[in-house]
There are 2 protein chains.
Amino acid sequence: MVQQTVRTNQTKDVRVIIVEDYKLTRVGLRYALNEIENINVIAEAQNAESGLEIIRKEQPDVVLMDLGLPGINGLEATSKVKEISPNTKVIILTSHDREEEVVASLGSGASAYCLKDIDPNTLSNVIKNVAKGTCWIDSNVAHLALKLFPKPENTEILNSGHSMDVKAKLTERESEVLKLLVQGKSNTEIAQELIVSVHTAKAHVCSILQKLCVDDRVQAAVKAIKEGLVSV
Amino acid sequence: MVQQTVRTNQTKDVRVIIVEDYKLTRVGLRYALNEIENINVIAEAQNAESGLEIIRKEQPDVVLMDLGLPGINGLEATSKVKEISPNTKVIILTSHDREEEVVASLGSGASAYCLKDIDPNTLSNVIKNVAKGTCWIDSNVAHLALKLFPKPENTEILNSGHSMDVKAKLTERESEVLKLLVQGKSNTEIAQELIVSVHTAKAHVCSILQKLCVDDRVQAAVKAIKEGLVSV
DNA sequence: TAACCAATTAGCTTACTGTCTAATTTAATA
DNA sequence: TATTAAATTAGACAGTAAGCTAATTGGTTA
């Protein structure tokens, strides 16, 4: 294919570590991946404990992580990986397709979720992309993760003009106040932070409540988070 | 590359429609993609209205959707695509990298989010994968989407036992109360809903605040959402 | 210039919050 | 059986929140 021959450049190798308890899968993966240009499997581990040690030392680009590990499981291991080597991307490679595991994996810091029946060619592409920061979720479970994103029924973000969007309605100052509100600050604290009187803070909060069409600050905070009006 | 030559099989063509207002981008894309094996750009549209009409008729596998369209914007259009052709996968192709747009896109039903500086080879792979159901998010914005997944500090799922979690500390009743609290209910409303006295509701809220180590119900709500203690 | 809006401040009222102490009942557990 | 934990209720208190009206200042726009 034309588009692939172009890619024969001197991209740095993606340094990969495999954490997987089944030896057969582990070594099989290693051999398969080392065939691929620009991918270099530098180590493998059969459990999270030894895997984490290697990762701490090597700071690899990508970790292929099994979920069902003995001892520390893959989820906890993923969290730890992001602690000890924040730039390392984690790819979950498992046979589980339960929603909670998919969501929990991505919540724990994984960048990709692959089922074990993945095509090796695809896997190698995923590894290269994930190394750059891409998020990739297997076709069999993608819908489980995607449905988690809030439907912007009300978020008129990016609205083509007709119905004005909530955030645009908020003035800059109000956005500031909303941000502090979501942090759980009281009106008094907000006033102190912005160096204004409590009256001012209250006035802003009041108009925020009206603009968001909610009754109190809790609802405002929840709505702000759900609709991405503030970065949590 | 080896992995590509293997794929010369008789996979059905992925039928693609491009919705993009800039003619240059639109026709450029079309030419580039039609070079790719197994991808067939069957139509293009310069706005959402005409795009949706074509999509309704053609029921394509994949739609490449620009966000900044005149009239109906890409977000709304994405929602409509999923209504009129649920099996059609939407790939957002835009130059915007704002968090709200990324999240709103995926919430509106898109399966992938690409920035316009994407490598054409990569795009063609994304198209093929997304057609199967994969979720793909550009490396420049993936972190914005990934951080939305609740950190499973509390998810008892797959917990290897040792670290007890916040949610386990909450009693069932408290979890009920927390759920209502996040909905913005006042103590009085919570009491009515659970058919208990206000005193009881307050008692529960009070112990929730203590267990979550927060000062007020706003912080409790925010923490509950962030940590996935409640389903929003 | 006039009209408008954002931001600011103030006072006032009603209602709600969060904490405390204290007590009762029920279920599970040692 | 004795103990513990959860759920329930109550009264009281200081603090906060939210709605209301009203006024001032500084830009922006018609």
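A, B, ... follow the sequence lines: proteins, then strands. Residue 1 opens every chain.
Distances were taken from every side-chain heavy atom of A/Arg173 (C-beta onward) to each of C/dT8, D/dA10, C/dT17; the shortest belongs to C/dT8. Here C/dC20 is the nucleotide among C/dC20, C/dC12, D/dA10 with the atom lying nearest to any side-chain atom of B/Gln210. In this structure, of D/dT9, D/dA17, C/dT8, it is C/dT8 that holds the atom nearest to the side chain of A/Ala203. Side chain of B/Lys202, nearest nucleotide from D/dA18, D/dA12, C/dT9: D/dA12. Relative to the side chain of A/Thr171, the nucleotides C/dT17, C/dA7, C/dT8 differ in distance, and C/dA7 lies closest. For A/His204, taking side-chain heavy atoms from C-beta onward, the closest of the listed nucleotides D/dA18, C/dA7, C/dA10 is C/dA7. Nearest nucleotide to the B/Glu174 side chain, out of C/dT9, D/dT9, D/dA7: D/dA7. Among the nucleotides D/dA18, D/dA10, C/dT8, the one closest to any side-chain atom of A/Arg217 is D/dA18.
The side chain to side chain contact (heavy atoms under 4.5 Å, CB included) test with A/Glu193 singles out one residue from A/Lys185, A/Glu176, A/Lys179, and that residue is A/Lys185. The only option from A/Lys116, A/Arg26, A/Lys23 that meets the salt bridge (Lys or Arg N to Asp or Glu O under 4.0 Å) definition with A/Asp66 turns out to be A/Lys116.
Nucleotides of DNA chain D nearest to A/Val214 and B/His199 differ in position, and the one nearer the 5' end is that of B/His199.
The distance from atom CG of B/Leu194 to atom P of D/dA7 is 11 Å, rounded to the nearest whole Å. At whole-Å resolution of the value, CG in A/Leu180 and P in D/dT16 are 17 Å apart. As a whole-Å value, the separation of B/Leu181 CG from C/dT17 C1' is 11 Å. In this structure, the CD1 atom of A/Ile195 is 11 Å from the P atom of C/dT9, given to the nearest Å. To the nearest angstrom, P of D/dA6 lies 15 Å from CD of B/Glu176. Rounded to whole Å, the distance from CG on A/Leu212 to P on D/dA18 is 12 Å. With rounding to whole Å, A/Asp215 atom CG is found 12 Å from C/dT17 atom P. Nucleotide C/dC5 holds its P atom 11 Å from the NZ atom of A/Lys211, rounded to whole Å.
Of the N and O atoms on the side chains of B/Glu101 and B/His96, at least one donor lies less than 3.5 Å from an acceptor on the other residue. Between the side chains of B/Ser105 and B/Ser108, no donor-acceptor pair of N or O atoms lies under 3.5 Å.
Neither OP1 nor OP2 of C/dC16 sits under 4.0 Å from any side-chain N or O of B/Asn187.
Counting non-hydrogen atoms under 4.0 angstrom, B/Val205 reaches the backbone sugars and phosphates but no base. Residue-level contact check: B/Thr200 touches the bases, meaning some heavy atom is under 4.0 Å from a base atom.
Using a 4.5 Å heavy-atom cutoff, the side chains of B/Thr188 and B/Ile190 are not in contact.
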